[in-house]
Trainee: 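Starting off with a structure, shown below.
These values consider heavy atoms only, across backbone and side chains, with no hydrogens, waters or symmetry-generated copies. Each chain gets a letter, A, B and so on, in the order its sequence line appears, and its residues count up from 1.
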There are 2 protein chains.
Amino acid sequence: MAQKIKLSTIAESLGVSTATVSLALRDSPLVADTTREKIKDQARALGYIYNRRAASLRTSRSGIIGVVVHDIMNPFYAEILRAIESELDRNRQTFILSNHYDSVEKQRTFLETLLQLGSDGVIMSPAIGTPRDDLLLAENNGMPTILIARSVPDIDVPTFRGDDAYGIALATNHLIGLGHRVIAMIGGTDQTSTGRDRYQGYVDALKKAGIEVDPVLRIPGPRTKQGGFEAAVNFLSMPQKPTAAVCWNDLVAIGLMNGIQRAGLVPGRDISVTGYDDLEEASIATPALTTVWNGQSEVGRMAARALLDKLAGSHAEDYLHLIKPEMRIRQSTAPLHPR
Amino acid sequence: MAQKIKLSTIAESLGVSTATVSLALRDSPLVADTTREKIKDQARALGYIYNRRAASLRTSRSGIIGVVVHDIMNPFYAEILRAIESELDRNRQTFILSNHYDSVEKQRTFLETLLQLGSDGVIMSPAIGTPRDDLLLAENNGMPTILIARSVPDIDVPTFRGDDAYGIALATNHLIGLGHRVIAMIGGTDQTSTGRDRYQGYVDALKKAGIEVDPVLRIPGPRTKQGGFEAAVNFLSMPQKPTAAVCWNDLVAIGLMNGIQRAGLVPGRDISVTGYDDLEEASIATPALTTVWNGQSEVGRMAARALLDKLAGSHAEDYLHLIKPEMRIRQSTAPLHPR
DNA sequence: TCTGTTTATTTAAACGCTTTAAATCATGTC
DNA sequence: GACATGATTTAAAGCGTTTAAATAAACAGA
């Protein structure tokens, strides 16, 4: 790198003004075709690198979109991110990613960073306990915000997520239909809207079937394989002897199945297990996991689309967008075994 | 947002110059304590947001570090990223992430974006087939580069990765020690340095034990669970009747074990399987996976550290840093069964 | 009171780009 | 040849920071 090539370097070498060069490189119709070609060739020849900071300082558009989720390592979010990435890529936006691990502080720090960088907008799955001010921090500073996966009551921010109550009811009804009566619900928390909705979906489905709801059968816990794995002991030693488990998500379900196998039982025969999300992994688990598709790809795609539209100036009127989950029946659930 | 608060807004409201404000906010000893306090209070009161683009335009330091890997959804990279994240966080650097999915074009586009944004440096696990020019694209434009996980021959760029040949030899020797003689190697490619090293480690271990190497026993394939799962059919129908498999990584091993179970056999009893990486998941798989720890956390931490040091001006002399893998023996391997 | 030092603050010039009004050029018409 | 018209090009004013150099203020020593 001999020396920094900038617009003026090109301009001087060609005897035109920087204005012309700037215009030419961005295909403005104001500059003559021949000039444009000459300029583009020269730019290439000199190895010109567009300086976005300078441009963005001038235009106050950065081409950067921030994305915050709980944990990108969690395949559920990873699948959403994949969809966001592909949509943003198509629109030549750079995206900056961060985990908040449900730390409100880490989330705020990240939002502040985005503000400092002049991010054009942000897509976030808010950390548990996010104060209202933080949620609006971006929006109030001119950075449009879209929520995904988790929603916040009474807030006018576009939100995209699966219909949890409906989805869990699908899974619960499936088990009830197979004859199960003692059904536990494993994993997750009741501190998020998602958590409350899911529990509600489970409760409603049981009630509608005339099955009494026993709060002891609700075993909250980490939303990970490890969490499901560790819940197995507790689950198997319950005096109520549940014959089936509705799990918070696929990870918990797979962990639970591993735990059940360790105990010498066969999931999908001795115990029925449902997952939630339908991760890529669900279909190759052993036994293949009966689960509920939670629309990750749709959530990601639609959220990104919504943000891009908003940036382009369009104004949507609806805030909450619920994606309808769908049942995926595989081998981890079976009719209640006569014992 | 009434109107943008900038340095000059604060300056005017306090009757000082913007220079003083700038200095004060960054704790320069050049400004008097009383003035500094006054300024900081005012900044907070007005809700001032530091404009990094402007600062970075001026200083040509952005505080941004780019990170490119094959696929952040792959837990192997995710574990590395976790370590990088925590190291960079500690040093208040923002990081921008991207997958290249082994597309040289996507990788180049990302590198160009980083250059445009004025990224301070880049940590990359180069895509298969990355041309030399691309590898040096960043470096040649003043953006220090660190390579991780994959290395490139004859190139003076600091590289951090596990010692693959040594690690795979560990796994292979472990199986040989258990009495296995027909050992397949499943998954992965021979197009990367990693691939060649791993195959070499496997071959060398076999040779050293006086076992003839049968190239048919090498089944390359995707480095995913799906890949391992699909390889099972092929693996189980081989005329050579392998009794053990050295897998490219844990994902392939877990997929393979799933496939073996589907066929009614029991991994860890009928067939011995080793993984590679020691992902969090390895220990909760059923059976718990015997594998080789590949130092993900170390690779990430050291790579980030090296980049930060380089940015701080220190000059390291060594280029290739090999992390020594370690054997983790669990239940997926067992002494050769008399049949 | 004057000079020299130290401390505190300000001035002014970048950093590299975009944008728009105004200037220049080329062309065609009468 | 004068003039209108349309096509190109350019000058200049920022965008919000940082920083070297200049200035001002305060203080001490003689």
Side-chain angles (χ1 to χ4, degrees), chain A residues 1 3-40 42-43 46-64 112-113 115-120 141-142, chain B residues 1 3-40 42-43 46-64 112-113 115-120 141-142:
Chain A
M1 47 169 309
Q3 137 251 30
K4 267 267 176 299
I5 309 295
K6 42 189 169 174
L7 287 190
S8 64
T9 321
I10 302 178
E12 280 162 25
S13 79
L14 250 34
V16 298
S17 72
T18 63
T20 308
V21 178
S22 170
L23 261 10
L25 290 181
R26 284 171 315 118
D27 291 318
S28 158
L30 289 180
V31 2
D33 290 353
T34 58
T35 322
R36 187 198 344 280
E37 280 317 309
K38 229 174 35 189
I39 290 176
K40 286 194 165 183
Q42 182 74 335
L46 293 178
Y48 170 68
I49 291 174
Y50 178 66
N51 186 328
R52 281 218 224 178
R53 290 117 97 197
S56 144
L57 179 55
R58 178 61 227 247
T59 60
S60 59
R61 265 290 206 132
S62 65
I64 290 178
E112 279 164 3
T113 300
L115 248 12
Q116 296 181 352
L117 289 172
S119 165
D120 293 337
N141 285 88
Chain B
M1 48 169 313
Q3 136 252 29
K4 268 264 177 299
I5 309 294
K6 42 188 170 175
L7 287 189
S8 65
T9 321
I10 302 179
E12 280 161 25
S13 79
L14 249 33
V16 297
S17 75
T18 64
T20 308
V21 178
S22 170
L23 261 8
L25 290 180
R26 284 172 312 121
D27 290 319
S28 159
L30 291 179
V31 7
D33 290 353
T34 58
T35 323
R36 186 197 347 278
E37 280 317 308
K38 231 174 34 191
I39 290 175
K40 285 195 164 180
Q42 183 73 337
L46 294 178
Y48 169 69
I49 290 174
Y50 178 66
N51 186 329
R52 282 218 224 178
R53 290 119 95 196
S56 145
L57 177 56
R58 179 57 226 248
T59 62
S60 60
R61 264 289 205 131
S62 65
I64 290 177
E112 279 165 1
T113 300
L115 247 13
Q116 295 181 353
L117 289 173
S119 167
D120 293 337
N141 286 87

Trainee: Have a look at Ala19(A) and say if it touches a base, only the backbone sugar-phosphate, or nothing, with a 4.0 Å heavy-atom cut-off.
Mentor: base

Trainee: Under the 3.5 angstrom rule, does the side chain of Ser8(B) hit a backbone N or O of Ala11(B) as a donor-acceptor pair?
Mentor: no

Trainee: Which atoms form the tightest heavy-atom contact between Leu57(B) and Arg53(A), and what is the distance?
Mentor: N-NE, 4.4 Å

Trainee: CD of Glu112(A) to CG of Asn141(A): how many Å apart, nearest 0.5 Å?
Mentor: 9.5 Å

Trainee: Rounded to whole Å, how long is the line connecting atom CG of Leu46(B) with atom C1' of dG16(D)?
Mentor: 16 Å

Trainee: Begin with the C-alpha distance, continue with both residues' side-chain angles, and end with the deciding distance and a verdict on side chain to side chain contact (heavy atoms under 4.5 Å, CB included) for Thr113(A) and Arg52(B).
Mentor: CA-CA 9 Å; Thr113(A) 300; Arg52(B) 282 218 224 178; 3.0 Å; yes

Trainee: Might you work through the side chain to side chain contact (heavy atoms under 4.5 Å, CB included) test for Ser28(B) and Arg36(B), ending with a clear yes or no?
Mentor: CA-CA 9 Å; Ser28(B) 159; Arg36(B) 186 197 347 278; 5.6 Å; no

Trainee: Can a side chain N or O of Ser22(A) be found less than 4.0 Å away from OP1 or OP2 on dC17(C)?
Mentor: no

Trainee: Looking at every heavy atom in both Ser13(B) and Leu46(B), which two are closest together, and how far apart are they?
Mentor: OG-CD1, 4.4 Å

Trainee: Figure out the NZ/P separation between Lys4(A) and dA14(C), and round it to whole Å.
Mentor: 19 Å

Trainee: Need one value for Ser60(B): base, sugar-phosphate or nothing, where a base atom within 4.0 Å counts as base even if backbone is also close, heavy atoms only.
Mentor: nothing

Trainee: Can you see which heavy atom on Ser62(A) is nearest to which on Leu117(A), and at what distance?
Mentor: CB-O, 4.1 Å

Trainee: Below the 4.0 Å mark, does dT9(D) have OP1 or OP2 next to a side-chain nitrogen or oxygen of Thr35(A)?
Mentor: yes

Trainee: Stepwise, does the side chain to side chain contact (heavy atoms under 4.5 Å, CB included) test hold for Leu25(B) with Tyr50(B)?
Mentor: CA-CA 10 Å; Leu25(B) 290 180; Tyr50(B) 178 66; over 6 Å; no

Trainee: Please check if the side chain of Thr59(B) supplies one atom and the backbone of Ala55(B) the other of a donor-acceptor pair under 3.5 Å.
Mentor: yes

Trainee: What are the residues of residues 48-58 of chain A, sorted by number, that bring a heavy atom to within less than 4.0 Å of DNA chain D?
Mentor: Leu57(A), Arg58(A)

Trainee: Quick one: is Thr20(B) getting a side-chain N or O under 4.0 Å of the dT10(C) phosphate, OP1 or OP2?
Mentor: yes

Trainee: Grab the CG-P distance between Leu23(A) and dT18(C) for me, whole Å please.
Mentor: 9 Å

Trainee: For Arg61(B) and dT19(D), what is the distance between atoms CZ and P respectively, to the nearest whole Å?
Mentor: 12 Å

Trainee: If I take atom CD in residue Glu12(B) and atom P in nucleotide dG16(D), what distance separates them, rounded to the nearest angstrom?
Mentor: 12 Å

Trainee: Measure from CD on Gln116(A) to P on dT17(D) and round the result to the nearest Å.
Mentor: 10 Å

Trainee: Do you know which of Asp27(B), Ile10(B), Val21(B) makes side-chain contact (heavy atoms from CB on, under 4.5 Å) with Lys40(B)?
Mentor: Asp27(B)

Trainee: How close or far is atom C1' of dT10(D) from atom CD1 of Ile39(A), stated in whole angstroms?
Mentor: 12 Å

Trainee: Write out a two-atom table: protein N or O, nucleotide N or O from nucleotides 21-24 of chain C, distance below 3.5 Å.
Mentor:
none

Trainee: For Ile5(A) and Gly47(A), which heavy atoms make the closest approach, and how far apart are they?
Mentor: CG1-O, 4.4 Å

Trainee: What nucleic acid atoms does Thr59(B) come within less than 4.0 Å of, heavy atoms only: base, sugar-phosphate, or nothing?
Mentor: sugar-phosphate

Trainee: From CG of Leu7(A) over to C1' of dT19(C), roughly how many Å is that when rounded to an integer?
Mentor: 13 Å

Trainee: For dT19(C), does either OP1 or OP2 sit under 4.0 Å from a side-chain N or O belonging to Arg26(A)?
Mentor: yes

Trainee: Note the angle between the end axes of the helix from dT1(C)-dA30(D) to dC30(C)-dG1(D), five pairs defining each, rounded to 10 degrees.
Mentor: 60°

Trainee: From dT10(C), dA11(D), dA8(C), pick the nucleotide closest to the side chain of Ser17(A)?
Mentor: dA11(D)

Trainee: Ile39(B) and side-chain contact (heavy atoms from CB on, under 4.5 Å): which partner among Leu7(B), Leu23(B), Leu14(B)?
Mentor: Leu14(B)

